[in-house]
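Naming: A, B, ... by sequence-line order, numbering from 1 per chain.
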Protein chains: 2
Amino acid sequence: MARFKGQAAYSVDAKGRVAIPAKMRNALTPEAQGTFTLTKGFEKCIYAYPQDGWKVKEDEYSQLNVNNRKARHLVRMILMWAEEVSLDGQGRISLPRSLADYAGIGDRALIIGAMDRIEIWDPEAFEAYLQEQTMDQESLAEEVMGF
Amino acid sequence: MARFKGQAAYSVDAKGRVAIPAKMRNALTPEAQGTFTLTKGFEKCIYAYPQDGWKVKEDEYSQLNVNNRKARHLVRMILMWAEEVSLDGQGRISLPRSLADYAGIGDRALIIGAMDRIEIWDPEAFEAYLQEQTMDQESLAEEVMGF
DNA sequence: GGAAAACTCCCCACTTTTCCCCACTTTCCC
DNA sequence: GGGAAAGTGGGGAAAAGTGGGGAGTTTTCC
């Protein structure tokens, strides 16, 4: 499965298209077939899963208990915003209006590799997100990874 | 896995390239394939992990739970600055602008071997770092290793 | 129901950046 | 001292990024 890393800012053209960084395109496995599934991120951004990685996510959701009201709601919320997009000849995808609006994306987008997914942010929204995060990286690493 | 040691100062050319000392290049295992992953160091410098060493780090991060807010943040902070670079025919790598800026690197760079990684410093920033460290080496060794 | 607008998915064209290769200088080491 | 390896610099081809045209389809709205 592809592992994404790095970050770069790209322009979003009048047609709502953004380039996916070449480094991330090259990290895609052939199984992904140049296709991503986009969904709402937990933060104010768009998550883009390569097709093969999304399959795994779907399997996880399908194992949730349908008899649990909260689980049903979660699956709805995630799937209702999911949309499949493919790279065009120039290595771009087009952002669905609804998701771009949710993430507050205008004519620039910040693209961040985050392991199994790519995140697409409005540059200013990302700045704001960073401001909210108070914990320094060393303490965070200590708490999360526990050493 | 490679173990790096020693230090040397090199020039950074107009294209942002620095030579990796031959001694460190020779210490690389074939598995590294002449490739490094660069990230922000905890101090004001760039960390360069050989590809095989970085793989181990990445495996740790991939096991973090994406449904945990702090874990998501940590992965973002680490991976967004991570960039893969390869040695060119002359044994150089090119420093991404963003990381060079973070480390304050201009036209000279100090390259230091630090076990499983290489550190790339601005010579003056390293001087300043040394000034800040007040504890002498003997007491340091006692505190860190003398249990 | 039909025209206009919007959207999608192909292209092609241009600019900028990256990277690969060649050449020269310096250092190292026998 | 001489050859090889290491370090430094730059030119040019190829790739990446950006913008737009236009055909075909769908949606909107009168």
Quickly work out the B:I111 CD1 to D:dA6 C1' distance and round it to whole Å. 13 Å

Categorize B:L87 for me: base, sugar-phosphate, or nothing, with a 4.0 angstrom heavy-atom threshold over every strand shown. nothing

What integer distance in Å separates B:D88:CG from D:dG9:C1'? 12 Å

Would you kindly check whether a donor in the side chain of A:Q90 faces an acceptor in the base of C:dC10, or vice versa, at under 3.5 angstrom? no

Under 3.5 Å, is there a donor-acceptor pair between the B:D59 and B:S62 side chains? no

From D:dT18, D:dT8, D:dA6, nucleotide with atom closest to B:A22 side chain: D:dA6

For a quick check of understanding: with a heavy-atom distance under 4.0 Å over all strands, which category does B:R25 fall into, base, sugar-phosphate or nothing? sugar-phosphate

Distance criterion of 3.5 Å, no angle test: do you see the side chain of B:R92 paired donor-to-acceptor with the base of D:dG9? yes

Is the distance from OP1 or OP2 of D:dT8 to the nearest side-chain N or O of B:Y10 less than 4.0 Å? no

Regarding the side chain of A:N26, the nearest nucleotide among D:dT8, D:dA16, D:dT18 is D:dA16

Between A:K23 and A:R97, which has a closest nucleotide on DNA chain C that is more 5'? A:R97

Once you apply a heavy-atom cut-off of 4.0 Å, does A:I20 come out as touching a base, just sugar-phosphate, or nothing? sugar-phosphate

So with a 6.0 Å cut-off around CD of B:Q137, is the heavy-atom count from everything else above 12? no

To the nearest angstrom, how far is A:D107 atom CG from D:dG17 atom P? 18 Å

Spacing between B:D13 atom CG and C:dA23 atom C1', to the nearest angstrom: 15 Å

Quickly work out the B:E83 CD to C:dC19 C1' distance and round it to whole Å. 14 Å

Please determine whether any donor N or O and acceptor N or O are separated by less than 3.5 Å between the side chain of A:K15 and the base of D:dG22. yes

Is B:S94 close enough to C:dT17 that one of its side-chain N or O atoms is under 4.0 Å from OP1 or OP2 there? no

Could you check whether the side chain of B:R17 and the base of D:dG7 have a donor-acceptor pair of N or O atoms closer than 3.5 Å, going by distance alone? no

Candidate pair B:Y10 and B:R92, rule side-chain hydrogen bond (donor to acceptor under 3.5 Å, both in side chains), full reasoning: CA-CA 11 Å; B:Y10 285 88; B:R92 293 172 293 195; over 6 Å; no

Could you state the atom-to-atom distance from CG of A:L95 to P of C:dC9 in whole Å? 13 Å

Contact between A:R72 and A:N68 at the side-chain level, heavy atoms closer than 4.5 Å - yes or no? no

In this structure, are over 12 heavy atoms from other groups packed under 6.0 Å from A:E60 atom CD? yes

